[in-house]
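Have a look at the structure below, then the notes.
These numbers were taken from a predicted model, which means no experiment stands behind them. One-based numbering, in listed order, for ligands and for the atoms of each. Any value given below was found using the heavy atoms of this structure, including those in side chains, with hydrogens, waters and symmetry copies removed.
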Amino acid sequence: MKFDSKLPNTGTTIFTVMSALAAEYGAINLAQGFPSYSSSPKLINLVSRYMEKGYNQYAPMAGLPALRKILAEKYNRTHGISLDPDEEITVLAGATQGLFTAISTVIRPGDEVILIEPAYDSYRPSVEVNGGVPVVYETRPPDYRVNWADFGRLITPKTRMVIINTPHNPTGKTLDAADMAALANLLEGTDILVLSDEVYEHLIYDGRRHTGVLSHPGLRDRSFAVYSFGKTFHNTGWKIGYCIAPPLLTREFRKVHQFNVFSVNTPMQWALAEFLEDPEEYLQLPEFYRRKRDFFSNAMQESALKPLTCEGTYFQLFSYGHLSDEPDTGFARRLTIEYGVAAIPVSVFYSNGMDERIIRLCFAKDEEILAEGARRLARLG
Ligand code: PMP
Ligand code: GLN
């Protein structure tokens with residue numbers, strides 16, 4: 001049978017590839033972004049309790065009202081934003097689903113979507129499978145800054161959406177109020193929408209405050225903002241998150257959501273709603289991860305790899321161009337096989353494969369694992 005693939009250039013994600021290689025060679029997996037520790041026992045007990053109490057049938061399509069209500073309170077507390085839980089918040093089966101659903105809600109064949117590269121790997125295929133045309137704005141090391149005037153030159157009458165990600169995977173770069181103002185300014189008077197991936201909203205360091213699309217009125221009115229409990233509460237395998245968007249966009253989003261997910265698992269929604277009653281559970285995260293970042297970068301001083309700045313996320317980039325001119329995919333494989341530490345090559349996040357000889361390591365691991373990873377990498381000479 002002849003099958004004309006809608007995604008002829010899409011292969012297996014690098015996260016699967018490197019995790020499989022790590023398993024094959026028994027390497028420490030600092031490649032795929034997931035914590036080595038589990039969620040709070042309190043949250044796990046809440047899930048079991050709700051299951052035992054019989055909260056096991058379909059949840060409402062948009063998500064449990066109690067969870068949406070406490071999420072609205074969360075943004076009120078942290079950002080002074082008032083959200084309508086019924087009309088502006090939808091519970092997701094993970095951020096990936098929300099990103100895909102938002103793109104499917106908006107993008108028609110031929111619509112242009114501006115991506116900022118390096119870009120998280122789900123964006124491009126999600127645009128392409130809907131017939132959209134990715135248009136790339138490239139950022140470069142060491143600071144991965146967006147020059148918004150240059151970015152603005154990519155806008156055409158066909159531009160339908162812009163995708164941003166802050167704090168940014170893989171670079172650890174964060175956007176600030178000036179970035180939001182510049183983007184809002186570019187989009188003013190257009191019908192261009194923004195999809196903002198903010199799954200690392202609580203993983204932000206050195207006195208920075210998370211500044212996403214909700215913080216700017218001009219962006220909030222035209223944006224889908226996507227979040228992930230997997231990142232926030234150390235349970236990436238639970239695949240649960242939420243999307244915040246103004247009522248008009250939420251209504252359209254739910255038309256698609258109800259037919260590609262319908263609703264998200266019930267006991268976890270009850271458990272998360274109760275767990276979120278204590279804001280400390282998320283307010284302590286920047287300090288928790290700052291300590292890990294600093295522990296790891298300290299341990300890595302023994303290694304010849306050169307760290308770049310990490311403003312947010314649980315990823316630390318390192319450059320190795322002074323050690324080798326091997327392509328980063330080969331270098332990451334070699335680290336896994338010969339040094340026992342799996343890494344992600346950053347070139348895979350550029351559609352043209354731009355290779356600046358940089359790898360990404362994940363520091364969401366127990367200190368013993370980070371110390372052992374750093375000890376192994378200290379052999380790099
Ligand atoms: N966006 C970014 C930037 C991510 O790093 C990830 C996952 N690591 C996701 C989205 C997907 O989140 P989820 O696992 O909730 O689908
Ligand atoms: N987002 C995670 C990372 O960047 C991986 C998610 C996945 O494996 N799809 O490592």
Side-chain angles (χ1 to χ4, degrees), residues 10-23 28-36 39 63 71 90-103 115-127 139 144 163-175 194-204 210 212-213 224-244 257 260-261 264-265 268-269 272 289 310-317 332 336 341-350 358-365:
T10 300
T12 307
T13 83
I14 189 68
F15 309 117
T16 304
V17 170
M18 293 312 298
S19 285
L21 197 69
I28 294 177
N29 190 353
L30 302 188
Q32 193 175 25
F34 62 88
S36 65
S39 279
L71 284 170
T90 308
V91 178
L92 307 169
T96 311
Q97 181 247 312
L99 295 164
F100 189 87
T101 300
I103 292 167
L115 309 181
I116 300 176
E117 288 188 349
Y120 185 62
D121 70 343
S122 83
Y123 307 157
R124 173 175 283 267
S126 305
V127 169
T139 64
Y144 295 100
I163 304 183
I164 61 173
N165 171 211
T166 183
H168 185 268
N169 179 7
T171 66
K173 171 87 180 158
T174 56
L175 299 176
V194 178
L195 174 54
S196 187
D197 180 342
E198 302 183 15
V199 300
Y200 298 103
E201 63 174 329
H202 294 295
L203 280 59
I204 183 159
H210 173 62
V213 284
F224 299 93
V226 171
Y227 304 86
S228 171
F229 287 117
K231 300 293 164 188
T232 303
F233 293 135
H234 322 312
N235 45 36
T236 59
W238 287 11
K239 297 299 296 183
I240 178 163
Y242 51 97
C243 173
I244 298 178
H257 177 82
N260 70 358
V261 176
V264 174
N265 92 68
M268 283 178 188
Q269 291 195 61
L272 285 162
Y289 277 108
C310 168
E311 300 174 346
T313 76
Y314 48 45
F315 302 114
Q316 173 72 58
L317 297 186
T336 314
V341 180
I344 297 286
V346 170
S347 67
V348 302
F349 301 104
Y350 285 101
I358 291 175
I359 54 157
R360 187 196 85 175
L361 296 176
C362 173
F363 57 79
K365 309 289 168 188

Check: Less than 3.5 Å between some nitrogen or oxygen of T236 and one of ligand 1, yes or no?
Finding: no
Note to self: Counting only nitrogen or oxygen atoms and a 3.5 angstrom limit, does G33 reach ligand 2?
What the structure shows: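 Between G33 and ligand 2 (N or O atoms, distance only) the closest approach is under 3.5 Å.
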Next item on the list: Please say whether T13 places an N or O atom under 3.5 Å from an N or O atom belonging to ligand 2.
Entry: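 Between T13 and ligand 2, no N or O pair is found under 3.5 Å apart.
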Next item on the list: Could you check which of K231, K239, Q32 puts a non-hydrogen atom nearest to atom 13 (P) of ligand 1?
Entry: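 It is K239 that holds the nearest heavy atom.
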Next item on the list: Look at atom 3 (C) of ligand 2 and find which of F15, Y314, F34, Y200 reaches it with the closest heavy atom.
Entry: F15
Checklist line | Steps toward side chain to side chain donor-acceptor pair (under 3.5 Å) verdict (H168, E311) | finding: CA-CA 9 Å; H168 185 268; E311 300 174 346; over 6 Å; no
Note to self: Under the rule for side-chain hydrogen bond (donor to acceptor under 3.5 Å, both in side chains), what residues qualify as partners of E198, not counting sequence neighbours?
What the structure shows: S196, H210, Y227
Next item on the list: Taking all heavy atoms of A95 and all of S228, pick out the closest pair and write down the distance.
Entry: CB-CB, 4.0 Å
Check: Between T236 and ligand 2, which residue portion shows a heavy-atom distance shorter than 4.0 Å: side chain, backbone, both, or neither?
Finding: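 Under 4.0 Å from ligand 2, T236 contributes no heavy atoms.
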With heavy-atom distances below 4.5 Å as the criterion, would you say the side chains of [X] and [Y] are in contact?
{"X": "K239", "Y": "T96", "value": "yes"}
{"X": "V213", "Y": "I164", "value": "yes"}
{"X": "N169", "Y": "D197", "value": "no"}
{"X": "K365", "Y": "F34", "value": "yes"}
{"X": "Y123", "Y": "L195", "value": "no"}
{"X": "V91", "Y": "Q269", "value": "yes"}
{"X": "L272", "Y": "F233", "value": "yes"}

Margin query: Show the atoms of ligand 1 that are less than 4.0 angstrom away from any heavy atom in S228.
Written below: 13 (P), 15 (O)
Note to self: Could you tell me, atom by atom, which parts of ligand 1 come under 4.0 Å of a heavy atom of G94?
What the structure shows: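 Here the atoms of ligand 1 in question are 15 (O), 16 (O).
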I need the nearest protein heavy-atom contact for [atom]: residue, atom name and distance, please.
{"atom": "atom 3 (C) of ligand 1", "value": "D197 OD2, 3.2 Å"}
{"atom": "atom 8 (O) of ligand 2", "value": "Q32 NE2, 2.6 Å"}
{"atom": "atom 6 (C) of ligand 2", "value": "Y120 OH, 3.3 Å"}
{"atom": "atom 12 (O) of ligand 1", "value": "A95 CB, 3.4 Å"}

With a heavy-atom distance limit of 4.0 Å, tell me whether [X] approaches ligand 1 through its side chain, its backbone, both, or neither.
{"X": "Q97", "value": "neither"}
{"X": "T96", "value": "both"}
{"X": "N165", "value": "side chain"}

Note to self: Before you tell me yes or no, could you show the steps for Y144 and I116 under side chain to side chain contact (heavy atoms under 4.5 Å, CB included), namely the whole-Å CA-CA distance, both residues' side-chain angles and the distance that decides it to 0.1 Å?
What the structure shows: CA-CA 10 Å; Y144 295 100; I116 300 176; over 6 Å; no
Notebook entry, point to check: Say you draw a straight line from OG1 of T90 to CD of Q97; how long is it, rounded to the nearest 0.5 Å?
Noted result: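 Those atoms lie 9.5 Å apart.
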Margin query: Please confirm whether F315 approaches ligand 2 to less than 4.0 Å, judged on its heavy atoms.
Written below: yes
Margin query: When you measure from the heavy atoms of K231 to every atom of ligand 2, does any distance fall below 4.0 Å?
Written below: yes
Next item on the list: Measure the distances from the heavy atoms of H168 to every atom of ligand 1 and state whether one is below 4.0 angstrom.
Entry: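 No, H168 has no heavy atoms under 4.0 Å from ligand 1.
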Notebook entry, point to check: Does at least one non-hydrogen atom of Y200 fall below 4.0 angstrom from an atom of ligand 1?
Noted result: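 Yes.
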